[in-house]
Protein chains: 2
Amino acid sequence: MPKQQASPPVVDLNADTPCCPPLAQRRVPAETAAALAPAFKALGDPVRLQLMSMIASAEGGEACVCDLTPAFDLTGPTISHHLKTLREAGLVDAERRGTWVYYRARPQILRQLAALLSIEPAPRA
Amino acid sequence: MPKQQASPPVVDLNADTPCCPPLAQRRVPAETAAALAPAFKALGDPVRLQLMSMIASAEGGEACVCDLTPAFDLTGPTISHHLKTLREAGLVDAERRGTWVYYRARPQILRQLAALLSIEPAPRA
DNA sequence: TCTCTGATTCGATGGACGTCAAGACAGGCG
DNA sequence: CGCCTGTCTTGACGTCCATCGAATCAGAGA
């Protein structure tokens, strides 16, 4: 099967600065939506949301798969599949060190997603 | 078919105050993940992300279906289906006024999602 | 080198999802 | 009342997804 993922980086997911104004401020363009929707989709599963949190909140900023897997009533392959999904969405990075594989959150894209959802604190007016 | 959805409100999606600390601060519990994942999932489609933005950024805080539909290369039923998904995820409210139906964003849940994704501005230390 | 453990990939399966055409519903207007 | 316009629901179809068991890959250690 062909590899063919490599969506063209219409929005730079690695940028340190938020790429876009809040969703409620101006209409998000189709290209931006296409670039960021996969990240939201990846977070749209309870297991992956917990995985993301466990990784992002782990001491040292990284979590071992060996610590993640037993936290769920799921098989190893399934957890591995979810981690791959998070990886392909650009939400985490993986690094093998010896026997174990460690996952680490990518704060930039999390910041971008949070910025997109941000709302004026209170519609006082 | 039986109605029976009515997931018990483990997390109050209507609360004005953020329900949860940031995802990267402490591990999000399974119940919270189960409550909020559907909202992320609803935003995980490019069309719905744009719809959400068009609604949230519309003047007067509301958008008419008649203005949303022609913005996409999709049929009316498909847009209607996406709007229903956003509605069932608690992200928008719908109101019929005469011939037209208007959708309006729910800022509370957007704030909750943004708070969950929020990250310390710079990991100094 | 052989084996053991941890992690991923492969293949299959049942269910959910995005989309459309056709039909139904709601409200305004002759 | 009957028609028209706008919106939603229904039914169908093809694709994607979550999950598992089995097989495979990667290092570590004897």
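Order of the sequence lines fixes the chain letters, A, B, ..., with proteins taken first and strands second; residue numbering starts at 1 for each chain. Since we're looking at a predicted model, the values are computed, not measured.
- Under the rule for a side chain to side chain contact (heavy atoms under 4.5 Å, CB included), the partners of B/T69 that lie at least two apart in sequence or sit in another chain are B/V65, B/I79.
- A close approach under 4.0 Å does occur between a side-chain nitrogen or oxygen of A/Y103 and OP1 or OP2 of C/dT8.
- Shown here are the salt bridge (charged side-chain N to carboxylate O under 4.0 Å, His left out) partners of A/E95, two or more places apart in sequence or in another chain: A/R97.
- A/D67 is linked by a salt bridge (charged side-chain N to carboxylate O under 4.0 Å, His left out) to nothing, counting only residues two or more places apart in sequence or in another chain.
- Counting only distance, with no hydrogens or angles, the side chain of A/R96 and the backbone of A/G98 share a donor-acceptor pair below 3.5 Å.
- Judged as a side chain to side chain contact (heavy atoms under 4.5 Å, CB included), and not counting sequence neighbours, the contacts of B/V92 are B/M52, B/I55, B/L86, B/R87, B/Y103.
- Using a 4.0 Å cut-off on heavy atoms, the residues of residues 53-67 of chain A that approach DNA chain C are A/C64, A/V65, A/C66, listed by number.
- Atoms CD (A/E95) and P (C/dT8) sit 13 Å apart, rounded to a whole Å.
- Note on residues 47-102 of chain A: pairs passing disulfide bond (SG atoms under 2.5 Å apart), not counting sequence neighbours, are A/C64-A/C66.
- Across the protein-nucleic acid pair, A/L83 atom CG and C/dG6 atom C1' stand 13 Å apart, rounded to whole Å.
- A straight line from NZ of B/K84 to C1' of D/dT7 spans 13 Å, rounded to a whole angstrom.
- Residues passing the side chain to side chain contact (heavy atoms under 4.5 Å, CB included) test with A/A58 are A/A63, sequence neighbours excluded.
- With sequence neighbours left out, the salt bridge (charged side-chain N to carboxylate O under 4.0 Å, His left out) criterion links A/R104 to A/E62.
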Note to self: Return a single string for nucleotides 17-27 of chain D, one symbol per nucleotide in 5' to 3' order, where B is base contact, S is sugar-phosphate-only contact and - is none, cutoff 4.0 angstrom on heavy atoms.
What the structure shows: SSBBBB---SS
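- Going from atom CD1 of B/I79 over to atom P of D/dC8 covers 11 Å, rounded to whole Å.
- Rounded to an integer number of Å, the gap from CH2 of A/W100 to P of C/dC4 is 17 Å.
- Going from atom CZ of B/F72 over to atom C1' of C/dT19 covers 15 Å, rounded to whole Å.
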